[in-house]
Amino acid sequence: MEFSKQTTQQIFPRIKENIVGVSIVGKIENLRIKEEFKEADLLVATHSGIIPISLKLSKSGAFVNTKSAGAKSFIEKYFSYFQDAGFYQKELNQLIERNYYHMGQTLYQMIGLDFKGEFDESWLEEGYSELPGQLPLEMKKIVQKNYQQTISHIYAILEKMSHEREPFARSLLNLIGLGHPDMLQVICFNKKINNGESYELESIYIGDCAEKMQEVGHFEMMPFNPQISSLEIRFPGFQLQIRIKPMNKFTTPSYKINCSVHYGVKHAKS
DNA sequence: TGACTGCCGTTTAGAAATCG
DNA sequence: CGATTTCTAAACGGCAGTCA
């Protein structure tokens, strides 16, 4: 395939040493290795060490999904430079439980039943789905309000931590997909041609920690928009979107935090 | 079994284009 | 012009899998 050939040619110049081996992370069974190299897809071995490579394929102009984290460990895991991370996490988790309970009560009340702390058989027996996309509009609104209240609290935590700019910026590196100091992030942007019949490589973007570190230091928290379930942090050349959503079913109090980056200039809103 | 992760798909608001 | 249609990116959704 033409895509892969061009991508390889872009990657080569970024690797100073001779390549002595390449392996695919998905095929490695050793968990310790997988853990160490985070979101890498490929490991390139050179004489002086291993370079992890994260490959991304994305429509040009679209957000590139860099991380999907679990909400109940998000702060602790990705903002571990902060002493208070554990405390904030606990607080957040309590809020998640409370909001979940409240959402359950509200929804059960709408169908004239009593919420006992979880979505039980009676929910399904009444013919309602566990997937938010299948819900009647009024119920969907309740569910989304829950997401929004939760992301609002996450915003408050991030805002507080962001005053300590250095550790905060370092934490953000993880979220934009550079979880390892030697990581090369390779994003292939493609665009549709002849009416969506086929695709064509538009550009290839390659980033690493060293150059990203500069930009990340200039982060700016965008004002919180209570209408939506995401927040945004802006950098000189790109923006990071942090979104909360259910893992899959909304009927359990566990959510995931999707992080995506958008390159190029989006027109400022203000 | 519930928490977590990666990757990708669908719906929809509102911008842009086109029409009468 | 305002009304209407078209189009796109933002917002929202979900599957398939791992792991403890």
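Every chain is numbered from 1 and lettered A, B, ... according to where its sequence line falls, protein lines coming before strand lines.
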Within the 4.0 Å heavy-atom criterion, would you say [X] contacts the bases, only the backbone, or no part of the nucleic acid?
X         : result
Lys245(A) : base
Asn93(A)  : nothing
Tyr78(A)  : sugar-phosphate
Lys67(A)  : sugar-phosphate
Ser68(A)  : base
Ala62(A)  : nothing

Identify, between Ile228(A) and Gln134(A), the residue whose nearest nucleotide on DNA chain C lies closer to the 5' end.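 Result of the comparison: Ile228(A).
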How close or far is atom [atom2] of [N] from atom [atom1] of [X], stated in whole angstroms?
X         : N       : atom1 : atom2 : answer
Leu231(A) : dC12(C) : CG    : C1'   : 16 Å
Asn258(A) : dA3(B)  : CG    : P     : 17 Å
Asn65(A)  : dA10(C) : CG    : P     : 15 Å
Gln239(A) : dA11(C) : CD    : C1'   : 15 Å
Glu232(A) : dA10(C) : CD    : C1'   : 10 Å
Ile142(A) : dC12(C) : CD1   : C1'   : 17 Å
Ile151(A) : dA11(C) : CD1   : C1'   : 13 Å
Tyr255(A) : dG14(C) : OH    : C1'   : 16 Å

Checking contacts here: which listed nucleotide ([options]) is nearest the side-chain heavy atoms of [X]?
X         : options                  : value
Thr252(A) : dC12(C), dC4(B), dA3(B)  : dA3(B)
Lys77(A)  : dC7(B), dC12(C), dC4(B)  : dC4(B)
Leu131(A) : dG14(C), dA3(B), dC12(C) : dG14(C)
His262(A) : dG6(B), dC8(B), dA10(C)  : dA10(C)
Ser254(A) : dC8(B), dA3(B), dT5(B)   : dA3(B)
Lys256(A) : dC12(C), dG14(C), dC4(B) : dG14(C)

Within the supplied structure, the quantity of interest is the number of heavy atoms (other residues, nucleotides, ligands) at a distance under 6.0 Å from His102(A) NE2; does it exceed 12?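 Not buried by this count: 12 neighbours or fewer within 6.0 Å.
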For [N], take OP1 and OP2 only and decide whether either is under 4.0 Å from a side-chain N or O of [X].
X         : N       : result
Ser230(A) : dC12(C) : no
Asn248(A) : dG14(C) : no
Gln144(A) : dG13(C) : yes

For the residue pair Ser129(A) / Gln134(A), report whether a side-chain donor-acceptor contact shorter than 3.5 Å exists.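 Result is no, nothing qualifies.
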Are Lys116(A) and Glu118(A) close enough for a salt bridge, meaning some N to O gap below 4.0 Å?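 Result for this pair is no, no salt bridge flagged.
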Mapping Lys140(A) and Glu39(A) onto DNA chain B by nearest heavy atom, which one lands closer to the 5' end?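 So the residue in question is Glu39(A).
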Return whichever of Phe74(A) or Lys56(A) has its heavy-atom-nearest nucleotide of DNA chain B closer to the 5' end.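 Final value for this comparison: Phe74(A).
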Please answer whether the main-chain N or O of Asn99(A) pairs with a side-chain N or O of Gln149(A) as donor and acceptor at a distance below 3.5 Å.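 Such a contact is absent between Gln149(A) side chain and Asn99(A) backbone.
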Please check if the side chain of Asn93(A) supplies one atom and the backbone of Ile96(A) the other of a donor-acceptor pair under 3.5 Å.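 Between the backbone of Ile96(A) and the side chain of Asn93(A) there is no qualifying donor-acceptor contact (under 3.5 Å).
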Can you label the angle between the Tyr108(A) ring and the Phe115(A) ring as parallel, tilted or perpendicular, going by 30° and 60°?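 Tyr108(A) and Phe115(A): perpendicular rings.
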